[in-house]
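Step one of this worksheet: look at the structure below.
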Amino acid sequence: MSALGNVHKYIRSITLNHLGADAVKEKLLPQMEEIVNKALQTWSSQPSVDMRDAASKMLLDFSARIFFSYDAEKLLQLKLSEKFANTLGCFMSFPLNIPGTTYHKCLKSQKKAMSMLRKIVKEKITSPEKRSENLLDQAIDDMEKEEFLSEDFIVKLLFAILFASFETSVSVLLALKLLAEHPAALQELTDEHEAILKNRENPNSVLTWDEYKSMTFTFQVINEVLRMGNVSPGLLRKALKDIEFKGYTVPAGWAIMLVNSALQVNPNTFKDPLAFNPWRWKDLDPLVVSKNFMPFGGGIRLCSGAEYIKAFMATFLHVLVTKYRWTNVKGGTIARTPALEFIDGLQTKFFAKNN
């Protein structure tokens, strides 16, 4: 979705209101812990778990709850996870919309997903008594104040932010794979989170904002996972005027792709870039990082859900390493197609630590 001027300002404002640092601090953190606890408890009761499917459902369940107050049972019936997985396949595919092509299949899945979301939006518009303080209800209320806000715009907005949540599930899989393969990193991560529990007056209390912000090594792990596994292959921008660059002219109106996934494995910036090394983040110059590490974009276009994603990953790791052990039993082959994908999936077995 290309957003300019007041449209971009509105999108950023509404998403920050519901996904920004203040929202995470004031209300989302304990809700994240609740849904992660529930998911891991369910997974540990199964012989093994298809993590691509399970992680995406966990993130979509939570996002649907906070965006438009849909519960997991209703969402399961919609099979949105399946529709988003199919839609992901059209990234960078040849735009030939005829039956049998990847592009055609992806468009069909996208159309079905949009149709489902449109029904949800219509239901909310026609049933004001069912309103709450979620993102969708705010957008509907704002239709009277913002001329560009229409039913179609809101449907596209919901699709975009839900799809972004779905994409993040790959980072969960990558964390499971890399931590299992690097016991020293897993041990330091576990030590950090067990120390958080030991420092509590009540070890069973919920995760707090101060505890979240104290997770120094956790953030190093998250940064390293995002550096190595940036989900999107790049950032798309549109040239608003002719741009001269190293003797070449980029004409106005052309699309420009910054391939940040390649930038983040540049050996001139990140020594031994294909190695998983969370400790590298202790010594990296913040200025160098700001110019070479952009998993959430940058500048005024910095993803307004960045804190939300980092908090969810940190919460997931907190519950995971303090309450469970796991082993990856099948799959784990990574490729860019061009989005980051586990081409043979990832089957994982979870064990509760008290068992």
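Below, each value reflects all heavy atoms present in this structure, side chains not excepted, and no hydrogens, waters or symmetry copies.
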What about [X] and [Y], same hydrophobic cluster or not, with Ile/Leu/Val/Met/Phe/Trp/Tyr joined at side-chain heavy-atom distances under 4.5 Å?
{"X": "Met215", "Y": "Trp209", "value": "yes"}
{"X": "Phe166", "Y": "Met116", "value": "yes"}
{"X": "Trp279", "Y": "Val288", "value": "no"}
{"X": "Leu186", "Y": "Leu176", "value": "yes"}

Quick check: do [X] and [Y] have side-chain heavy atoms less than 4.5 Å from each other?
{"X": "Met313", "Y": "Ser171", "value": "yes"}
{"X": "Thr218", "Y": "Leu189", "value": "yes"}
{"X": "Leu40", "Y": "Lys323", "value": "no"}
{"X": "Asp50", "Y": "Gln347", "value": "yes"}
{"X": "Trp281", "Y": "Val289", "value": "yes"}
{"X": "Ile334", "Y": "Lys177", "value": "yes"}

Closest non-hydrogen atom pair, [X] against [Y]:
{"X": "Leu29", "Y": "Ala311", "answer": "CD1-CB, 4.3 Å"}
{"X": "Phe84", "Y": "Phe163", "answer": "CD2-CD1, 3.3 Å"}
{"X": "Glu192", "Y": "Thr216", "answer": "OE2-N, 3.2 Å"}

Check: Any Lys/Arg nitrogen of Lys156 or Asp152 sitting under 4.0 Å from an Asp/Glu carboxylate oxygen of the other?
Finding: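 Between Asp152 and Lys156 there is a salt bridge, with a charged N closer than 4.0 Å to a carboxylate O.
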
Margin query: Listing request: all side-chain hydrogen bond (donor to acceptor under 3.5 Å, both in side chains) pairs with a residue in residues 17-29, at least two apart in sequence or in separate chains.
Written below: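 Residue pairs passing side-chain hydrogen bond (donor to acceptor under 3.5 Å, both in side chains), neighbours aside: Asn17-Gln138, His18-Gln138.
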
Does [X] have any salt bridge (Lys or Arg N to Asp or Glu O under 4.0 Å) partners at least two apart in sequence or in another chain, and if so, which?
{"X": "Glu146", "result": "none"}
{"X": "Arg237", "result": "none"}
{"X": "Glu211", "result": "Arg200"}
{"X": "Asp142", "result": "Lys145"}

Margin query: Looking only at the side chains, is there a donor atom on one of Asp242 and Thr249 sitting less than 3.5 Å from an acceptor on the other?
Written below: no

Check: Side chains of Lys271 and Asn277: do they bring a donor and an acceptor to under 3.5 Å?
Finding: no

Rounded to the nearest 0.5 Å, how far apart are [atom1] of [X] and [atom2] of [Y]?
{"X": "Lys83", "Y": "Leu60", "atom1": "NZ", "atom2": "CG", "answer": "12.0 Å"}
{"X": "Asn6", "Y": "Ile11", "atom1": "CG", "atom2": "CD1", "answer": "10.0 Å"}
{"X": "Leu158", "Y": "Phe68", "atom1": "CG", "atom2": "CZ", "answer": "6.0 Å"}
{"X": "Arg52", "Y": "Ser56", "atom1": "CZ", "atom2": "OG", "answer": "6.0 Å"}
{"X": "Ile120", "Y": "Arg118", "atom1": "CD1", "atom2": "CZ", "answer": "12.0 Å"}
{"X": "Met58", "Y": "Thr168", "atom1": "CE", "atom2": "OG1", "answer": "10.5 Å"}

Item checked: Whether Tyr212 and Phe219 hold their rings parallel, tilted or perpendicular, with breakpoints at 30° and 60° -> perpendicular

Item checked: Contacts of type side chain to side chain contact (heavy atoms under 4.5 Å, CB included), residue Ala275, not counting sequence neighbours -> Asp272

Checklist line | Residue pairs passing the ring-ring contact (aromatic ring centres under 6.0 Å, His included) test where at least one lies in residues 173-199, sequence neighbours excluded | finding: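 Non-adjacent pairs meeting ring-ring contact (aromatic ring centres under 6.0 Å, His included): His182-Phe276, His193-His318.
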
Margin query: Enumerate the ring-ring contact (aromatic ring centres under 6.0 Å, His included) contacts for residues 38-60, please, sequence neighbours excluded, ordered by first and then second residue.
Written below: Trp43-Phe350

Note to self: Please enumerate all residues that pass ring pair (Phe, Tyr, Trp, His ring centres under 6.0 Å) together with Tyr10, with sequence neighbours excluded.
What the structure shows: Phe148

Note to self: Applying ring pair (Phe, Tyr, Trp, His ring centres under 6.0 Å), can you list everything that pairs with Tyr324, at least two apart in sequence or on another chain?
What the structure shows: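 Residues passing ring pair (Phe, Tyr, Trp, His ring centres under 6.0 Å) with Tyr324: none at all.
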
Next item on the list: Could you tell me whether Gln41 atom CD has more than 12 heavy atoms of other residues or ligands within 6.0 Å of it?
Entry: no

Note to self: Does atom NZ (Lys108) have a neighbourhood of more than 12 heavy atoms from anything else shown, all under 6.0 Å?
What the structure shows: no

Checklist line | Ser63 vs Tyr308, side chain to side chain contact (heavy atoms under 4.5 Å, CB included): CA-CA, chis, key distance, verdict | finding: CA-CA 10 Å; Ser63 298; Tyr308 166 76; 3.0 Å; yes

Next item on the list: List the steps, then state whether side chain to side chain contact (heavy atoms under 4.5 Å, CB included) holds for Val265 with Leu274.
Entry: CA-CA 7 Å; Val265 290; Leu274 299 183; 4.3 Å; yes

Item checked: Connected-component partners of Val250 among ILVMFWY, side-chain separation under 4.5 Å -> Ile243, Trp254, Ile256

Item checked: Side-chain cluster (under 4.5 Å, hydrophobic types only) that Tyr103 belongs to, other residues ->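 Leu107, which link up through side-chain heavy atoms under 4.5 Å apart, make up the rest of the cluster.
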
